[in-house]
Protein chains: 2
Amino acid sequence: MKTTIKDVAKLAGVSFKTVSRVINNEASVKPQTVEKVNQAIAQLNYQPNTAARNLASANTYAIGYVYDNPNAYYVINMQNGILAECRNRGYELIIHPCHATSPTLTEEIIKMCKRSQLAGLVLSPPMSEMAGVMDSLDELAIPYVRIVSGSATKRNHRPCVFVHDRDAARNIVEHLIAQGHTRIGFISGDQGHRSTEERKLGYREALTNHGIPLDRELEIDGTYSFESGVKGFKQLRALGDQPTAIFACNDEIASGSLFAARLNGLDVPSQLAIAGFENSPFSLQTWPKLTTAAQPTGEIASQAAATLIEEIQSKRTGRLPSEVAQHTHFHPELVVRESTYIPD
Amino acid sequence: MKTTIKDVAKLAGVSFKTVSRVINNEASVKPQTVEKVNQAIAQLNYQPNTAARNLASANTYAIGYVYDNPNAYYVINMQNGILAECRNRGYELIIHPCHATSPTLTEEIIKMCKRSQLAGLVLSPPMSEMAGVMDSLDELAIPYVRIVSGSATKRNHRPCVFVHDRDAARNIVEHLIAQGHTRIGFISGDQGHRSTEERKLGYREALTNHGIPLDRELEIDGTYSFESGVKGFKQLRALGDQPTAIFACNDEIASGSLFAARLNGLDVPSQLAIAGFENSPFSLQTWPKLTTAAQPTGEIASQAAATLIEEIQSKRTGRLPSEVAQHTHFHPELVVRESTYIPD
DNA sequence: AACCCTTTTGACAACGCTGTCATTAAAATA
DNA sequence: TATTTTAATGACAGCGTTGTCAAAAGGGTT
């Protein structure tokens, strides 16, 4: 019924320990033995039992993904990216949606790690910025990789995947400036999220670089939602000196502003240009389509998982991971569409 | 460092087997013993090791969710619904995105079950209709719960959660008829998906019920995508006798049609009424907002998980699950918005 | 007090793997 | 060829639980 490592060993005519070695790609197994064992594995359609592996070894074959993001596309893409890497390397993924504001968040994460004996964690924003969470993980020596909006971070001892939101935001706003806009509104995402901060910095940088004075009136506080885009638009229209372009912190906000603008009879982009961020499906399903910055979310996630698993494996095989944490960088790319630009 | 059941036992002054009994809520433990043990557990912040539990017991504490759905909102809602139930009952969730068309699909699913020793599976469409998959699961006696678009199914031996798409579709189309429409177009989702079939049946039923003749020209084959909605609109406009209303198989299609309609200068709903299905965020972010049918995806998912876990537990405790599989039913609700109806 | 029956608890062997260390086979050296 | 070194394999003890079965502790009856 259930095929175990011993069945494979019997069929291959070796000890079950040798089969274990083959499964784990350990060195010092004769190539022809490897061959024999692999044949037996294939023949019996054998699958190693994860629970047993986890129990027997100190390290386990499961990592966790902790997220709290209202954006379904982002989560799905992240998840798929991590999963792809997990499958490649024979790891399992335990997903853990949570609420960033929960007072018991840290405790909750630790419990999950213990229960499932996770070998490591991928933290996406805003959890990737929470000192309390990181402290606890450090204390328990649970490896984690952070996905960070920005190009650097103070806590450098753990690997990070940096997404250069600031540069991308600057590119978007410079594109708007290149279209002749000088009065450009900004609608932020959730307060306290680093992505919000970075995108705002990029916005300001672009203006400053081109000698356009900053105007606090043009910077609207919002959240990552459609409604926020509607509301932000109204606030900007209520100004005496109205903007001719809006840079919204993500596509959902942008599509809310776009919605409101068209409802108010404004033509986009001739009367008002609007740009988003993220390149989500939303950005393609508005009219006109949204200019945005394309985040390669799946790749970012895969990279994070790869970094994490690499470290776990290196620990397993005894090789020490290099002292300097391994950082990687991604640069969202400007995608110009009809909401900011009309080709001649 | 690592707290085990034995530490708890020592602190509580009982054997570790008794602690195990308390953890599993087994009968025949004296209440005051339970109390003592629970105190010790709390004090040590003990978490049972899932891997060990899975290994030791025939049944495990992990279920799987198999899906192939391009719709991120649907997947996230399903996932969250299942997870909520899992957390309640101390189960883990292993997610398995896949491609319904993959030739090795069945094999792949079986492998996952073996590897993670899954106690059961939640199958969402279209996997919930695949005979090959179900046969293999039956053979290995792996419990599963199906989420089915429809009100009944031939394979009745396993529990199903039925979502009455047909009735909901009929309600939508009858709403359109009540608005005076008699020439109503239909744009389908992916061919072969049961939801597509059911929604088409509901559409036809409504027409027939009101003595409106069916016209094959009005039934456009599409897929569950925005582009398909754009294309479907064009096909319907190309007809000699154009429809005055469109019922699209989901909100994404509907929003595509809406997009195309407005691009063509049509006013919605006065010149063309458009309805979708699903009540996804899309339906709120169009202008005008979409009439649709609200599927309680999260609840559906929780119900499916609850049914599955119930069965697993009953097996564990020896009580036989009732011979007749447990079926439950959900009825998506009509949500009327501005894309089909103008309040006076 | 002696008996039986029920409730509650404990001892100990699995579960299917990995880690450690001993052993054997093969290769290199003297 | 004898001897040392290295590569390849095997034996066996855990890992932290649950399952099985036996033992102990109570509770009624006679």
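Lettering follows sequence order; numbering is per chain, from 1.
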Query raised in the report: Whole-Å distance between D/dT17 C1' and B/N25 CG?
Result: 16 Å
**Report entry** Under the ring pair (Phe, Tyr, Trp, His ring centres under 6.0 Å) test, residues paired with B/Y65 that sit two or more places apart
**Finding:** B/Y67
Requested in this report: Identify the heavy atoms of A/H157 and A/D138 that sit nearest to each other, and give their distance.
Outcome: NE2-OD2, 2.9 Å
Requested in this report: Could you check how far NZ of A/K6 sits from C1' of C/dT18, rounded to whole Å?
Outcome: 13 Å
Report task. Not counting sequence neighbours, list each pair that qualifies as a salt bridge (Lys or Arg N to Asp or Glu O under 4.0 Å) and has a residue in residues 28-54 of chain A. Result -> none
**Report entry** All salt bridge (Lys or Arg N to Asp or Glu O under 4.0 Å) counterparts of A/E310, not counting sequence neighbours
**Finding:** A/R89
Report task. With sequence neighbours excluded, tell me which residues meet ring pair (Phe, Tyr, Trp, His ring centres under 6.0 Å) with B/Y46. Result -> none
Requested in this report: For B/E26 and D/dT18, give me the distance from atom CD to atom P, rounded to whole Å.
Outcome: 8 Å
Requested in this report: For C/dG16, take OP1 and OP2 only and decide whether either is under 4.0 Å from a side-chain N or O of A/Y61.
Outcome: no
Could you pull out all donor-acceptor pairs under 3.5 Å where a side-chain atom in residues 119-136 of chain A meets a protein atom, sequence neighbours excluded?
from	atom 1	to	atom 2	distance (Å)
A/S124	OG	A/V66	O	3.4
A/S128	OG	A/I147	O	2.8
A/E129	OE2	A/R194	NH1	3.2
A/D135	OD1	A/R155	NH1	3.3
A/D135	OD1	A/R155	NH2	2.6
A/S136	OG	A/G132	O	3.3

Query - Five-pair end axes of the helix from C/dA1-D/dT30 to C/dA30-D/dT1 and the angle they enclose, rounded to 10° - result: 40°
Report task. Could you pull out all residues at least two apart from A/T104 that satisfy side-chain contact (heavy atoms from CB on, under 4.5 Å)? Result -> A/S102, A/E107, A/E108
Report task. Give, ordered by number, those residues of residues 47-55 of chain A having at least one heavy-atom distance below 4.0 Å to an atom of DNA chain C; if nothing qualifies, reply none. Result -> A/P48, A/N49, A/A52, A/R53
Query raised in the report: Whole-Å distance between C/dA11 C1' and B/I5 CD1?
Result: 14 Å
**Report entry** Results of ring pair (Phe, Tyr, Trp, His ring centres under 6.0 Å) for A/F162 - residues two or more places apart only
**Finding:** A/H327, A/H329
Requested in this report: For B/Y74, check ring pair (Phe, Tyr, Trp, His ring centres under 6.0 Å) against everything at least two apart and list the hits.
Outcome: none
Report task. Mind checking side-chain contact (heavy atoms from CB on, under 4.5 Å) for A/Q43 and listing every partner two or more places apart, or none if nothing turns up? Result -> A/L11
Report task. Give the B/S/- string for nucleotides 6-12 of chain D, one per nucleotide from 5' to 3', where a protein heavy atom under 4.0 Å of the base yields B, of only the sugar-phosphate yields S, and otherwise -. Result -> --SBBBB
Requested in this report: Look at the side chain of A/S302 and the backbone N and O of A/I82, then say whether any donor-acceptor pair between them is shorter than 3.5 Å.
Outcome: no
